[in-house]
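In what follows, every heavy atom counts, from backbone to side chain, and hydrogens, waters and symmetry copies are set aside. Numbers here are sequence positions counted from 1. Since the structure is predicted, the reported quantities are computational estimates derived from the model, not experimental observations.
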Amino acid sequence: MSSLNGIVKNGRMDRDDQVGERKPLLPGSNKMVDYDAALGYIGSFGTYQKLKFSLLLLMCIPVGIHMLATVFLGAQVSHHCAVPELAEAGLAPNDFCGLNYSLPWVTDKETNTETPSECKRYKVNRYELGNLSCPFERNSEGNRTVLDCDKGWWYDRQVYNSSVYMEFNLVCEDEPLNNLAQSLFMVGVLIGSIVFGQLSDSIGRKKTMYLAVLVQLGFGVATAFAPNYEVFVVLRLLVGFTAMGVFLPAFVVATEMVGVNRRTLTGTLIQSSFSMGGVVLTGIAYLIRDWSRLQLVISLINVVLVLTWWFGIESPRWQLSKGRNEEVVRMIRSAAKVNGVTVPDEVFHAGKKQVTESDKRQYTIFDIVRTPNMAKKSVIIFFNWFVVTVVWFGLALNTQQLGGDNYLNFLIMNLVDFPAQIFSIFTVSYFGRRPSLTFYMLFGGVACIVTPYLAPPFLPEYMHPLSVALPMVGKFGNTAAFSVIYVWTAELYPTVVRNVGVGASSMWSRVGGIVSPFVMLSQQVWGPLPYLIFGGLSILAGLSALLLPETRGVRLPDTLEEGENFGKRTPYVGYIPVPDEEKVPATAYSNPDLRNDDETVKEDTESVLPDKTAIQCSEDC
């Protein structure tokens with residue numbers, strides 16, 4: 001160690017160690033790169049990592065666009081039965097007097113108002129319509145023949161030129177099919193998260209991500225030319241299948257390429273790609289009011305992303321796990337050059353990795369529910385992931401029901417995500433995971449429950465803006481909770497099953513996305529019911545989170561035994577706050593100009609764990 005200290009002088013190295021020196025990258029196959037030590041020199045989140053992170057963020061924006069596109073692709077509009085006899089009688093297709101005579105009127109039980117029927121019409125002929133004397137008193141249905149919409153439908157195209165809803169006539173008894181398309185899209189997301197998750201561990205994060213982008217491009221373009229609803233649904237499912245193939249590898253790379261003290265930041269910011277996608281989608285949809293052309297444009301964005309292959313980054317930790325040390329060395333030296341620092345060769349010769357029995361064992365989802373305490377924590381975690389997704393998509397995809405300008409509502413609904421994510425970073429760092437998640441879930445839940453009672457008939461029409469603002473507040477709390485649960489889940493599971501635990505939680509998130517559109521159908525039973533379901537589930541999930549252990553400022557479990565004891569009244573070995581005197585000193589493997597004072601590591605792990613297993617610490621300890 002003393003020789004290494006002599007190499008580093010004022011943040012620079014001797015000429016023999018300058019970046020770019022042509023020398024063998026590694027002295028032998030039995031040596032491993034110490035990537036964490038390298039981060040002590042190049043920085044936890046330096047310029048190089050920020051550039052690569054920006055590209056990862058751009059890669060994920062189309063995922064958010066496709067996930068939220070159904071708001072405009074399947075936009076619902078006012079409609080009624082087509083009455084071709086109006087044209088035969090020389091009247092305009094939407095002549096008020098003619099329609100008043102041709103359509104039955106129905107009473108809305110909630111608002112006690114009458115509106116023309118959307119799914120029924122009277123049997124009329126051109127002679128009746130040609131000799132109408134307006135105004136006239138509407139006849140009762142008992143005296144006239146009532147028909148279904150045997151001649152098709154008329155749609156209000158003032159805002160949207162076309163949508164899947166209009167083109168495939170997803171109205172009346174077929175209206176639930178409009179929600180089915182989004183649910184099947186999320187089924188594709190669920191399948192894709194499993195398939196691409198395995199693939200990224202096999203061939204690498206970068207290859208998986210770009211493969212998914214390419215496949216998403218093909219299926220997305222094909223969707224724009226779907227000849228019927230059945231083909232449209234299948235192609236949308238396949239687009240959903242590729243979504244997690246892009247996002248999950250990007251999320252993993254974003255957290256694996258930075259230091260431990262920046263994982264919360266990058267892990268939270270990468271999630272903002274969904275909201276960024278929503279903002280971009282609003283602008284594109286505002287300019288393109290035809291669903292087919294809109295689908296084509298949002299799919300062709302991937303053409304540009306495919307061309308960024310040469311600038312993409314592979315996870316250095318995955319490369320090390322596969323023995324690709326020389327590739328990691330090249331990446332570190334490139335990062336050092338961009339960040340304007342130097343890294344000593346000793347970082348690249350850290351020694352041979354010791355393979356333990358834990359490394360050899362393959363863990364499954366059953367390991368996270370096998371013991372009582374782990375099972376209890378898993379059930380609570382899964383439930384929270386399910387709820388936050390049900391509510392997030394329910395609010396994000398329901399802006400059209402809020403009234404007013406749907407483009408403005410949708411834009412605001414996505415913009416509120418950004419301050420929510422910023423607040424979540426602050427609160428988890430200063431107040432902890434448990435109080436943050438509970439507060440956000442309760443806050444959003446109460447907002448959802450109150451929402452339907454701030455609109456007519458409960459309040460006057462002029463107070464309607466309140467019923468638009470409250471869902472935005474609910475979305476704020478829900479988005480912040482989403483950010484917290486991502487971070488907290490990774491910390492609650494022990495190291496050996498951390499990926500399994502996050503993957504299983506993500507699967508429950510996908511189930512929430514599948515269920516969410518059908519929760520919205522409950523408004524046909526009673527208008528306020530969807531918001532009451534969203535609010536009730538949020539409050540229940542927030543309260544259940546109080547049963548989980550706090551992870552801020554404590555060492556995290558590594559083994560299944562530690563994971564089972566983690567959170568019990570009897571503390572497990574190592575479950576203690578990190579005292580101030582254990583801050584990492586400025587050693588050869590920790591550049592004092594680059595280290596973050598919040599990063600703490602226990603140097604002598606042998607005094608804590610008899611089996612010499614290193615204990616991880618949460619990011620904010």
Side-chain angles (χ1 to χ4, degrees), residues 44-45 49-69 71 189 193 205 209 212-213 243-258 261-284 298 301-302 305 308 312-313 385 388-389 391-393 395-397 399 409-429 433 436-437 440 444 471-490 502 505-506 509 512-513 619:
S44 291
F45 196 37
Q49 293 101 313
K50 289 175 183 176
L51 291 173
K52 299 301 182 182
F53 177 80
S54 298
L55 178 57
L56 293 172
L57 198 60
L58 289 175
M59 296 284 291
C60 293
I61 287 177
V63 176
I65 292 176
H66 284 293
M67 279 196 167
L68 299 172
V71 171
V189 173
S193 64
R205 284 61 160 127
M209 185 165 47
V213 167
M244 286 298 103
V246 179
F247 178 77
L248 287 181
F251 178 84
V252 171
V253 174
T255 55
E256 288 183 339
M257 72 176 181
V258 300
N261 58 309
R262 288 294 179 265
R263 288 178 188 168
T264 298
L265 176 65
T266 56
T268 302
L269 291 180
I270 197 72
Q271 297 174 56
S272 67
S273 59
F274 291 97
S275 305
M276 292 180 183
V279 172
V280 173
L281 174 63
T282 306
I284 298 175
I298 64 177
I301 294 175
N302 282 0
L305 298 180
T308 65
I313 182 175
W385 276 74
V388 293
T389 310
V391 178
W392 196 91
F393 279 103
L395 295 177
L397 301 177
T399 54
N409 291 343
F410 187 76
L411 177 63
I412 296 175
M413 190 68 82
N414 283 280
L415 289 176
V416 299
D417 287 352
F418 298 111
Q421 288 161 344
I422 293 173
F423 266 84
S424 72
I425 295 174
F426 170 79
T427 56
V428 298
S429 298
R433 282 66 163 149
S436 296
L437 182 67
Y440 287 131
M472 310 298 179
V473 174
K475 182 78 170 346
F476 178 96
N478 180 259
T479 299
F482 218 145
S483 299
V484 176
I485 195 63
Y486 249 107
V487 174
W488 201 9
T489 299
V502 174
S505 302
S506 181
S509 176
E619 291 94 320

- Query: Relative to each other, are the rings of Phe482 and Trp385 parallel, tilted or perpendicular (30° and 60° limits)?
  - Reply: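 Geometry flag for Trp385 against Phe482: perpendicular rings.
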
Give the minimum heavy-atom separation between [X] and [Y], together with the two atoms involved.
X      : Y      : result
Met472 : Val416 : O-CG2, 4.0 Å
Ala250 : Leu56  : O-CD1, 3.9 Å
Ile65  : Val280 : CD1-CG1, 3.9 Å
Leu305 : Pro62  : CD1-CG, 3.4 Å
Leu57  : Ser272 : CD1-OG, 4.0 Å
Ser505 : Thr489 : OG-CG2, 3.5 Å

- Phe423/Phe476 aromatic ring centres below 6.0 Å: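 Yes, the ring of Phe423 comes within the 6.0 Å limit of the ring of Phe476, centre to centre.
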
Hey, could you give me the [atom1]/[atom2] distance between [X] and [Y], rounded to the nearest 0.5 Å?
X      : Y      : atom1 : atom2 : result
Asn409 : Asn414 : CG    : CG    : 11.5 Å
Thr308 : Met209 : OG1   : CE    : 8.0 Å
Phe45  : Lys52  : CZ    : NZ    : 13.0 Å
Ile485 : Ser424 : CD1   : OG    : 12.0 Å
Ser436 : Phe426 : OG    : CZ    : 9.5 Å

In the structure I gave you, are the side-chain heavy atoms of [X] and [Y] within less than 4.5 Å of one another anywhere?
X      : Y      : result
Phe274 : Asp417 : no
Val258 : Leu265 : no
Val63  : Ser273 : no
Phe53  : Ile270 : yes

- Task: Assess whether side-chain contact (heavy atoms from CB on, under 4.5 Å) is satisfied between Ile425 and Ile422, documenting all intermediate values.
- Result: CA-CA 5 Å; Ile425 295 174; Ile422 293 173; 5.6 Å; no

- Message: side-chain contact (heavy atoms from CB on, under 4.5 Å), that's the test. Do Tyr440 and Thr427 meet it? Break it down for me.
- Response: CA-CA 10 Å; Tyr440 287 131; Thr427 56; 3.1 Å; yes

- Query: What's the verdict on side-chain contact (heavy atoms from CB on, under 4.5 Å) for Ile301 and Ile284, showing C-alpha distance, side-chain angles and the deciding distance?
  - Reply: CA-CA 11 Å; Ile301 294 175; Ile284 298 175; 4.2 Å; yes

Has [X] got a side-chain atom pairing as donor or acceptor with [Y]'s backbone, closer than 3.5 angstrom?
X      : Y      : answer
Ser483 : Gln421 : no
Thr255 : Val252 : yes
Thr282 : Gly278 : yes

- Message: Using the rule side-chain contact (heavy atoms from CB on, under 4.5 Å), only one of Met59, Arg205, Met244 pairs with Pro249; which is it?
- Response: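 Single pass found, and it is Arg205.
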
- Decide yes or no on side-chain contact (heavy atoms from CB on, under 4.5 Å) for Gln49 and Thr266, but give the supporting numbers first. CA-CA 10 Å; Gln49 293 101 313; Thr266 56; over 6 Å; no

